[in-house]
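Whatever order the structure lists ligands and atoms in, that order sets their numbers, starting from 1. Numbering of residues begins at 1 and proceeds along the displayed sequence.
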Amino acid sequence: AGPTFVPAVVVGTGYGSSVTALRLGEAGISTLMLEMGQLWNQPGPDGKVFCRMINPDRRSTWFRTRTEAPLGTFLWLDVVNRDIESYAGVLDRVHFAEMSVYVGRGVGGGSLVNGGMAVTPLRSYFEQVLPTVDADEMYNRYYPLANSMLGVSTIPRDYFENSDYYQFARVSRAQAANAGLGTAFVPNVYDFGYMAMEESGQAPKSALNAEVIYGNNYGKRSLDRTYLPAALSTGNVTIQTLHRVRTIAQQPDGTYLLTVEQIDTAGNLLATKEIGCRHLFLGAGSLGTTELLLRARDTGALPALSDEIGNGWGPNGNIMTARANHLWNPTGMLQSSIPTMAIDDWNNPTTPVFAEIAPIPSGIETWVSLYLAITKSPERGTFVYDRATDTMGLRWTREQNQVSVAAAKSLLDRINHANGTIYRYDLFGDTRAFADDFCYHPLGGCVLGKATDGYGRVTGARNLYVTDGSLIPGSIGVNPFVTITALAERNIAQVIRQDIAA
Ligand code: FDA
């Protein structure tokens with residue numbers, strides 16, 4: 001049998017892919033989504049689909065024999081990570097030489113594992129980052145559309161002020177205020193009505209049960225509860241899971257041919273398939289999409305692709321850090337896993353920082369205040385394809401994160417100074433106070449207007465599109481998924497109008 005042919009293929013099921021598949025489906029285009037992870041809908045032995053951050057099991061991690069949590073130690077003790085069976089788990093940590101990147105695996109991509117923080121960037125910063133995109137159209141139309149489709153809301157003030165589960169955030173807010181720093185509520189896709197029912201015992205706990213980076217069982221509006229069911233209900237979209245796209249090539253007639261590996265949840269190769277399509281949309285995330293394009297260019301399958309592919313990568317200035325509080329200032333044994341507040345010092349003229357106040361839902365009093373700082377850094381990395389090993393590397397040095405560490409430090413030094421507190425040095429596996437070797441927000445690699453045209457059409461190949469975080473050049477100043485969603489909405493509207501309907 002020859003290859004299966006479908007009009008449109010969308011690679012991945014994260015934000016960019018889900019938007020694209022919904023709008024193609026609505027336009028009447030038969031669309032196949034290919035996702036390397038699994039569909040997360042089967043309960044495990046404990047009756048839950050996802051495991052907790054405390055005592056994680058094989059469901060937590062993508063094909064490893066030990067978990068790799070961002071906070072790996074406590075009091076320098078190896079008490080956080082667990083030995084597990086190798087399995088198609090939901091969170092992956094992809095290691096490059098001097099940076100590792102956390103990504104979600106499964107139907108819904110990063111939406112399965114992220115903190116749900118849904119932030120629209122400052123318009124002035126958006127205009128700096130993506131100057132060719134019509135900001136009026138984004139801020140009047142596509143950001144509101146993305147926010148409403150994703151189910152974004154803000155925690156009710158009353159609940160935040162009174163719940164024991166947000167003591168950690170109130171403590172950090174007060175300490176920021178002592179240093180003259182302001183805080184802002186951060187919108188989220190978590191259902192706060194559900195959270196209140198968790199607290200009052202009327203519903204099974206999820207955010208209030210230490211569930212987040214390995215998936216939330218209830219309460220979070222991940223893509224498998226928003227865009228993806230809407231896409232499937234058009235009747236034109238199907239999803240194949242545990243299907244990993246390995247290569248893409250163009251046929252003489254202009255259609256695309258994909259080589260796809262089907263695996264089982266133990267990682268065994270079940271089949272290698274060929275799938276053909278007319279329109280190919282890449283939404284495999286910054287790492288996944290860039291790798292497919294680099295491989296295609298550098299092996300000669302799509303030799304006309306731009307030299308810009310691989311460029312413009314950045315970790316959105318992500319730096320994680322933590323402070324130790326005084327004994328009389330506990331952060332609480334009960335902590336919601338869903339962050340809802342940030343210290344907003346983005347208008348600082350020398351060291352702009354947007355620092356989320358992050359929980360440590362460990363079930364014990366830790367006196368730790370944790371932060372994920374988003375900083376503004378001009379440093380960029382480059383992805384390169386290595387033909388000998390058929391893998392993608394990242395040219396990025398630890399040194400390049402110095403400017404981000406310095407910015408985070410300048411903010412947290414102020415808070416420590418005002419409160420007479422110090423950093424925690426025991427949480428990141430060694431003695432560093434600043435985790436500068438991993439990120440949650442990989443952005444770039446196939447930058448809009450450089451490796452593609454102004455709407456994500458890949459330069460040098462017709463009917464080939466990029467729809468995900470790889471379009472954004474390395475930084476967006478806040479958590480990125482609302483921007484990825486809004487940009488995908490904008491781009492697919494244009495592509496359907498000009499390339500497909502016509
Ligand atoms: P995304 O990465 O979502 O999806 C890509 C999909 O493609 C994945 O499902 C992957 O398995 C699949 N894929 C990759 N290669 C493939 C291949 N070759 N074949 C088939 N499938 C393939 N952001 C935010 O705004 N607020 C937040 O609170 C957080 N918090 C957060 C916490 C943690 C722990 C992480 C890891 C990340 C976040 N993020 C976040 C980041 C956010 O989740 C991220 O920016 C988006 O998910 C990126 O969306 P994309 O559409 O680019 O790809």
Side-chain angles (χ1 to χ4, degrees), residues 9-20 33-40 53 62 69-70 88 90-94 100-121 146 150 152 186-190 212-215 220 222-224 227 239-248 258-263 281-293 295 315-316 318 320 337-340 342 356 358 372 374 392 438-446 466-472 476 478-485 487-488:
V9 163
V10 176
V11 182
T13 55
Y15 292 92
S17 300
S18 299
V19 168
T20 303
M33 303 183 83
L34 297 169
E35 168 57 53
M36 67 194 270
Q38 54 176 316
L39 174 64
W40 289 93
M53 281 163 65
W62 181 253
V90 73
L91 182 68
D92 197 358
R93 181 173 182 160
V94 180
S100 62
V101 182
Y102 283 98
V103 291
R105 300 276 180 231
V107 174
S111 78
L112 298 169
V113 297
N114 67 32
M117 282 173 280
V119 194
T120 300
L150 294 167
V152 177
V186 175
N188 203 290
V189 295
Y190 203 84
V212 63
I213 60 169
Y214 303 136
K220 191 166 79 176
S222 41
L223 291 166
D224 51 332
Y227 271 100
I239 305 177
Q240 284 186 342
T241 59
L242 296 165
H243 277 61
R244 179 169 179 224
V245 179
R246 283 291 301 167
T247 65
I248 57 180
L258 284 67
T259 321
V260 184
E261 292 172 350
Q262 183 184 4
I263 58 167
F281 296 87
L282 303 180
S286 167
L287 273 50
T289 290
T290 309
E291 180 173 346
L292 286 171
L293 289 171
R295 179 178 292 118
N316 202 22
N318 282 187
M320 201 176 260
S337 65
I338 294 297
T340 56
E356 275 141 23
L372 177 66
I374 297 174
M392 181 177 79
F438 68 80
C439 72
Y440 287 169
H441 301 164
L443 294 172
C446 193
V466 171
T467 71
D468 56 25
S470 43
L471 294 172
I472 300 172
I476 195 65
V478 293
N479 318 65
F481 74 60
V482 177
T483 298
I484 296 171
T485 304
L487 198 60

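With sequence neighbours left out, the ring pair (Phe, Tyr, Trp, His ring centres under 6.0 Å) criterion links Trp40 to Phe50. Tyr102 is linked by a ring pair (Phe, Tyr, Trp, His ring centres under 6.0 Å) to Phe438, Tyr440, counting only residues two or more places apart in sequence or in another chain. Residues forming a side-chain hydrogen bond (donor to acceptor under 3.5 Å, both in side chains) with Thr13 (at least two apart in sequence, or on another chain): Glu35.
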Distances only, to 0.1 Å: what are the N or O pairs between ligand 1 and the protein that fall under 3.5 Å?
residue, atom, partner, partner atom, Å
ligand 1, 3 (O), Gly110, N, 2.9
ligand 1, 9 (O), Glu35, OE1, 2.7
ligand 1, 9 (O), Glu35, OE2, 3.1
ligand 1, 9 (O), Gly106, O, 3.4
ligand 1, 11 (O), Glu35, OE2, 2.7
ligand 1, 11 (O), Arg105, NH1, 3.4
ligand 1, 18 (N), Val245, O, 3.0
ligand 1, 19 (N), Val245, N, 3.0
ligand 1, 21 (N), Met36, N, 3.2
ligand 1, 25 (O), Met117, O, 3.2
ligand 1, 25 (O), Pro480, N, 3.2
ligand 1, 25 (O), Phe481, N, 2.8
ligand 1, 26 (N), Met117, O, 2.7
ligand 1, 28 (O), Gly115, N, 3.4
ligand 1, 28 (O), Gly116, N, 3.3
ligand 1, 28 (O), Met117, N, 2.9
ligand 1, 30 (N), Gly115, N, 3.2
ligand 1, 43 (O), Asn114, ND2, 3.1
ligand 1, 51 (O), Tyr15, N, 3.1
ligand 1, 51 (O), Gly16, N, 3.1
ligand 1, 52 (O), Gly469, N, 2.9

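The heavy-atom pair separating Asn316 from Val478 by the smallest distance is ND2-O, 2.9 Å.
Panel note: side chain Thr467, backbone Leu282; a donor-acceptor pair is recorded below 3.5 Å. Judged by distance alone, the side chain of Ser470 and the main-chain N or O of Cys446 form no donor-acceptor pair under 3.5 Å.
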